[in-house]
Amino acid sequence: SSFLCSRYQTPTLGCAAMARTKMSLKGSGSKPSKKTLVAKAKDAKGDQDKKTVRWKSGTVAMREIRRLQRSTELLIKKLPFQRLLREISQD
């Protein structure tokens, strides 16, 4: 014999809660950056010491290389480069 669950007013075999679902992660799911972690740590302990972030050697260079390879911007503007080529070709 089925009965009405007083909570949901639906016929059930027992007064069980709704099925559980997976909880989604907040944010984009990516790892927080080092600067974010440093800022959070600084907020947690206060302004005891103001130490700047020192990246490992080559990290900033690799980041810049990736940024430049990803972009399509010209490293030298067109007109100055054109003037340089004309000057070289005249000699």
Side-chain angles (χ1 to χ4, degrees):
S1 71
S2 67
F3 63 96
L4 289 177
C5 179
S6 61
R7 186 171 182 183
Y8 298 112
Q9 299 298 317
T10 57
T12 61
L13 297 174
C15 190
M18 294 176 63
R20 296 181 70 179
T21 59
K22 288 185 178 180
M23 295 184 64
S24 61
L25 294 173
K26 292 182 181 179
S28 62
S30 62
K31 204 165 95 174
S33 67
K34 188 172 183 179
K35 285 185 179 181
T36 306
L37 293 175
V38 169
K40 284 183 181 180
K42 189 181 283 188
D43 289 341
K45 67 179 180 179
D47 292 329
Q48 293 173 355
D49 58 306
K50 296 187 177 190
K51 191 173 182 180
T52 58
V53 176
R54 289 287 299 175
W55 300 98
K56 286 184 181 178
S57 60
T59 303
V60 177
M62 291 303 295
R63 187 186 319 138
E64 187 174 344
I65 289 168
R66 287 188 197 103
R67 181 180 60 85
L68 291 171
Q69 286 178 340
R70 196 171 38 234
S71 71
T72 58
E73 67 177 328
L74 298 174
L75 300 180
I76 303 173
K77 300 295 180 191
K78 284 184 179 180
L79 288 176
F81 185 67
Q82 190 176 26
R83 281 195 298 267
L84 176 68
L85 289 180
R86 283 191 181 147
E87 182 183 331
I88 292 171
S89 63
Q90 284 178 359
D91 292 341

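Worth saying up front: this structure is predicted, and the values here are computed from it rather than measured. In what follows, every heavy atom counts, from backbone to side chain, and hydrogens, waters and symmetry copies are set aside.
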Visitor: How long is the span from the CG atom in Leu75 to the CD atom in Glu73, to the nearest 0.5 Å?
Guide: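 So the gap between those two atoms works out to 6.5 Å.
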
Visitor: Using 0.5 Å steps for rounding, measure from the CZ atom of Arg70 to the CZ atom of Arg67.
Guide: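 Nearest 0.5 Å value for the CZ-CZ distance: 8.5 Å.
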
Visitor: Same cluster or not: Val60 versus Ile65, using hydrophobic residues (I, L, V, M, F, W, Y) connected whenever any side-chain heavy atoms lie under 4.5 Å apart?
Guide: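 In one cluster: no.
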
Visitor: Please evaluate residues Gln82 and Leu85 with respect to the criterion side-chain contact (heavy atoms from CB on, under 4.5 Å), reporting the C-alpha separation (whole Å), side-chain torsions for both, the decisive distance (0.1 Å), and the verdict.
Guide: CA-CA 5 Å; Gln82 190 176 26; Leu85 289 180; 5.8 Å; no

